[in-house]
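Report on the following structure.
This one's a predicted model, so the numbers in the text were calculated from it and none came from an experiment.
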Number of protein chains: 4
Amino acid sequence: MLSNRTVGRPRLEHRRLELLNAAANVFARKGFDAGSVRDIASAANVQPSSLYHFFGSKETLFEEVYMEGVRRIKTSVETAVVTQGRPWDKLEAAAAAHLTSLLEDDFFSVVVAETIPKGTSELNIRLIVHRNDYEKMFIAFIDRLPNLTNDNKKYLRFALFGALNATVNWYQPGKDSPEEIARRIVGLFRVQLDT
Amino acid sequence: MLSNRTVGRPRLEHRRLELLNAAANVFARKGFDAGSVRDIASAANVQPSSLYHFFGSKETLFEEVYMEGVRRIKTSVETAVVTQGRPWDKLEAAAAAHLTSLLEDDFFSVVVAETIPKGTSELNIRLIVHRNDYEKMFIAFIDRLPNLTNDNKKYLRFALFGALNATVNWYQPGKDSPEEIARRIVGLFRVQLDT
Amino acid sequence: MLSNRTVGRPRLEHRRLELLNAAANVFARKGFDAGSVRDIASAANVQPSSLYHFFGSKETLFEEVYMEGVRRIKTSVETAVVTQGRPWDKLEAAAAAHLTSLLEDDFFSVVVAETIPKGTSELNIRLIVHRNDYEKMFIAFIDRLPNLTNDNKKYLRFALFGALNATVNWYQPGKDSPEEIARRIVGLFRVQLDT
Amino acid sequence: MLSNRTVGRPRLEHRRLELLNAAANVFARKGFDAGSVRDIASAANVQPSSLYHFFGSKETLFEEVYMEGVRRIKTSVETAVVTQGRPWDKLEAAAAAHLTSLLEDDFFSVVVAETIPKGTSELNIRLIVHRNDYEKMFIAFIDRLPNLTNDNKKYLRFALFGALNATVNWYQPGKDSPEEIARRIVGLFRVQLDT
DNA sequence: CATGAATGAGGATTCATTCAT
DNA sequence: GATGAATGAATCCTCATTCAT
């Protein structure tokens with residue numbers, strides 16, 4: 001027989017996730033500054049004060065959304081990559097997974113893509129750590145590409161990330177799919193070097 | 001020989017420009033939402049109410065900063081490009097000018113680079129118009145590149161803009177110069193086709 | 001016997017009513033424009049921001065005061081009128097009740113009497129609706145007066161309302177009572193026709 | 001030959017009158033509190049600071065408008081009255097003139113009719129003095145009515161003023177004319193006593 | 001005479017957050 | 001666990017007014 005307190009847990013986690021979802025939604029649409037605690041609470045059909053049972057502050061709430069976003073992209077990229085053997089194929093698959101997360105309604109990932117933490121506030125520094133955690137994966141993929149100088153690898157990484165994350169600004173749902181976009185963008189870099 | 005009709009003006013415009021500079025500075029560092037009118041006023045050693053002598057609202061102030069940013073990048077790109085003859089060289093020179101504006105202390109340009117207007121607020125729609133005005137220039141350069149399908153041109157444009165604008169997130173003043181960065185990034189796309 | 005379903009409520013409504021009272025007081029003394037949210041808050045020993053817990057805006061707060069004012073006059077007129085049988089007596093009793101509300105410390109009624117909504121702002125249009133709701137009662141009393149043409153009824157109504165509401169400008173507490181004033185004013189119109 | 005300084009005067013007075021007109025217009029439409037100095041200045045195509053060449057403050061500007069309003073109604077009532085011989089006819093003519101000023105686009109008179117000064121602010125006390133100056137005229141007309149007790153006279157005055165000034169709230173330009181309205185309203189009081 | 005520039009006080013409202021219930 | 005109430009600081013902006021030019 002299970003004890004009561006483990007029976008109660010899933011309920012709790014469920015509530016937490018609801019709030020997190022609402023927060024992701026709001027932050028993805030409005031950003032950290034313009035997305036208010038009130039917005040989030042009302043999106044979750046809850047009073048603002050209730051949020052503080054689960055999250056210490058707006059900042060930590062944002063951080064949790066951000067971390068969850070990183071986790072999700074990471075997972076989807078990891079999954080996508082295993083089926084590929086050749087380095088450039090791996091990179092392309094990773095890019096496709098990255099874009100799919102970003103462009104198809106996963107608000108958590110959108111928050112990660114749109115929030116480029118700068119400055120030296122404590123929050124931002126923590127966000128950078130989370131983000132790096134993810135970007136390391138890409139660095140690894142790029143590292144294994146053949147025939148590239150270290151410098152080229154560095155610039156390829158920056159350019160690829162910039163190009164991929166910018167898609168949120170021009171992507172149009174009906175048209176080219178995230179996979180297609182990934183193929184085309186990676187293709188721009190790939191042709192010349194993958195010989 | 002100077003014309004008479006602008007005598008006296010510079011003084012008047014001077015104050016306006018000071019305030020505009022302060023605003024550019026604040027908006028570049030904090031963004032539209034987090035950059036408050038108070039911040040800007042105190043950066044200009046002025047009372048917040050004084051700003052409203054020159055600008056009708058925070059939004060129009062931001063818009064003016066944005067427009068000035070667009071104007072500056074545009075001018076610097078136009079200037080940089082004339083000395084180049086071959087299409088890829090033109091593009092590289094344009095990218096270099098773009099990055100120089102962005103990365104070297106020109107807050108106006110930074111505002112343009114970091115503000116990617118989305119959504120349908122009236123302000124954002126106006127910003128998009130200003131921005132398109134500038135991007136058209138780049139489209140023209142890319143259009144003249146040889147041996148590229150229309151699709152490739154489209155993706156090249158999106159990827160290049162994404163890669164260039166993302167530099168603000170990782171650029172470090174002491175290291176590679178904007179020109180060098182531009183050369184490397186354009187180089188990633190260039191090699192294969194520019195033969 | 002009290003029902004259970006409102007147990008606990010009075011406490012909650014109590015606070016709201018306090019604020020409404022403070023607002024009525026301020027609006028009655030200074031009017032809508034000159035009566036500030038700060039005035040009201042400090043009259044209620046509360047922070048201005050606390051008002052927004054109960055009322056969405058200064059306008060809706062005012063509207064609630066106005067509606068409550070209408071409700072109170074209406075109730076007092078309805079009560080006063082039932083004891084009277086003859087049409088002119090009914091009208092006089094109504095006028096007396098109207099003036100009593102207006103002149104004796106009921107800030108809510110004073111707000112109604114002093115705010116003559118004009119113009120086409122959304123607030124004013126709503127106020128007119130509330131006011132008409134009340135004036136309809138008087139129209140009914142006047143309608144039942146004998147020996148009056150429709151035109152005379154119309155002018156009697158306008159003149160009587162004008163005369164009654166203007167009393168707030170000259171009424172002096174120690175002197176003629178509201179009832180006496182009502183009797184005299186109605187008497188001016190009454191003599192000739194009530195035969 | 002006229003000296004220069006008397007030649008210049010009319011110009012100045014003309015300007016002053018323009019500003020006064022603009023102020024009357026704004027105050028009539030919005031009232032003292034909601035009508036801002038900016039509103040007035042822009043209605044007069046002038047900078048706010050320019051107003052202070054002619055008027056010491058918003059309050060004194062309002063007071064001048066008010067005084068001018070009183071002067072105008074007074075004049076028009078005086079003129080209207082001379083052609084009448086019988087007391088009730090005089091009163092009716094006065095009421096007609098009063099209403100004509102009020103209802104037909106004379107913003108100055110409207111300000112007087114709509115501003116019922118209360119309270120003990122210095123401005124309001126001065127306004128009351130101006131207003132009394134005018135009301136004395138009406139008191140005189142009423143005083144000469146035959147067969148009325150003093151009390152009746154007092155109430156007649158208050159009621160008549162109330163009824164007349166309230167017309168601004170329901171008057172509709174196309175319908176009954178001010179003269180007609182005056183005739184009807186005075187008629188309500190007149191019939192019974194003018195025998 | 002007119003005004004552009006500036007101001008400090010105050011306008012209504014929203015903010016993230018706390019806490020007793 | 002949830003919330004209604006409250007808060008103080010901050011939000012953008014408007015106010016009437018002053019004064020050097």
Side-chain angles (χ1 to χ4, degrees), chain A residues 8 11-12 15-16 19 33-41 44-62, chain B residues 8 11-16 18-19 33-41 44-61, chain C residues 8 11-16 19 33-41 44-62, chain D residues 8 11-12 15-16 19 33-41 44-62:
Chain A
R11 223 0 167 335
L12 243 179
R15 201 91 182 91
R16 221 187 117 85
L19 302 181
D33 292 306
S36 74
V37 171
R38 282 227 261 275
D39 287 339
I40 295 165
N45 273 317
V46 158
Q47 295 300 108
S49 48
S50 297
L51 287 172
Y52 290 84
H53 280 288
F54 299 89
F55 311 98
S57 69
K58 187 189 181 187
E59 289 206 347
T60 65
L61 171 52
F62 185 82
Chain B
R11 201 45 151 307
L12 297 178
E13 292 302 308
H14 180 249
R15 206 58 217 280
R16 214 188 126 84
E18 276 180 0
L19 302 181
D33 291 308
S36 75
V37 171
R38 283 233 253 271
D39 288 339
I40 296 166
N45 273 317
V46 158
Q47 297 292 110
S49 50
S50 298
L51 286 173
Y52 290 85
H53 211 1
F54 299 88
F55 311 98
S57 69
K58 188 190 180 186
E59 287 206 350
T60 64
L61 172 52
Chain C
R11 203 46 153 304
L12 295 178
E13 292 301 310
H14 179 250
R15 205 60 216 279
R16 214 186 125 85
L19 302 181
D33 291 307
S36 75
V37 171
R38 284 230 252 271
D39 287 339
I40 295 166
N45 272 318
V46 159
Q47 296 294 110
S49 51
S50 298
L51 286 173
Y52 289 85
H53 211 0
F54 299 88
F55 310 97
S57 67
K58 187 191 181 185
E59 288 207 347
T60 66
L61 172 52
F62 185 83
Chain D
R11 235 339 177 342
L12 243 178
R15 202 91 182 91
R16 223 186 116 84
L19 301 182
D33 292 306
S36 73
V37 170
R38 282 227 261 275
D39 287 339
I40 295 166
N45 274 316
V46 158
Q47 295 300 108
S49 47
S50 298
L51 287 172
Y52 289 83
H53 281 287
F54 298 89
F55 311 98
S57 69
K58 188 191 182 186
E59 289 207 346
T60 64
L61 171 53
F62 185 82

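Between the NE2 atom of His53(B) and the P atom of dA16(F) there is a distance of 15 Å, given to the nearest Å. Atom CG of Asp39(C) is separated from atom P of dG11(E) by 7 Å (rounded to the nearest Å). When the C1' atom of dA16(E) is taken as reference, atom CD1 of Ile40(A) falls 11 Å away, rounded to whole Å. Atom CZ in Arg38(C) sits about 13 Å away from atom C1' in dC13(F), given to the nearest Å. Atom CG of Asn45(C) and atom P of dA5(F) are 18 Å apart (whole Å). Rounded to a whole Å, the CG atom of Asp33(C) is 15 Å from the C1' atom of dG10(E). The CZ-C1' distance, from Phe54(A) to dA2(F), rounds to 9 Å in whole Å. Rounded to whole Å, atom C1' of dG10(E) lies 12 Å from atom NZ of Lys58(C).
Here the shortest heavy-atom pairing between Val46(A) and Ser50(A) reads CG1-CB, 3.1 Å. When all heavy atoms of Ala34(A) and Asp39(A) are compared, the closest pair comes out as O-OD2, 3.7 Å.
Taking a pair as Watson-Crick or G-U with both hydrogen-bonding distances under 3.5 Å, the stems of three or more pairs touching DNA chain E are E:2-21 with F:2-21.
Residue-to-nucleotide contacts include a donor-acceptor pair under 3.5 Å from the side chain of Ser49(C) to the base of dG8(F).
With DNA chain E read from its 5' end, the first of the two nearest nucleotides for Gly56(C) and Leu19(B) is the one closest to Leu19(B).
The backbone N or O of Phe54(A) lies less than 3.5 Å from a partner atom in the side chain of Arg16(A), making a donor-acceptor pair.
Side-chain contact between Leu51(B) and Lys58(B) is absent, with no heavy-atom pair separated by less than 4.5 Å. Side-chain contact between Ile40(B) and Leu19(B) is absent, with no heavy-atom pair separated by less than 4.5 Å.
With dT18(E), dT13(E), dT3(E) as the choices, the nucleotide that has an atom nearest any side-chain atom of Gln47(D) turns out to be dT3(E). Candidate nucleotides dT7(E), dA2(F), dA16(E) were compared by shortest atom distance to the side chain of Val46(B), and dT7(E) ranks first. Among dT18(E), dC12(F), dC13(F), the nucleotide with an atom closest to any side-chain atom of Tyr52(A) is dT18(E).
Contact annotation: Ser50(D) side-chain N/O to dC1(E) OP1/OP2 distance is not under 4.0 Å.
In this structure, CD on Gln47(D) lies 11.5 Å from NE2 on His53(D), to the nearest 0.5 angstrom.
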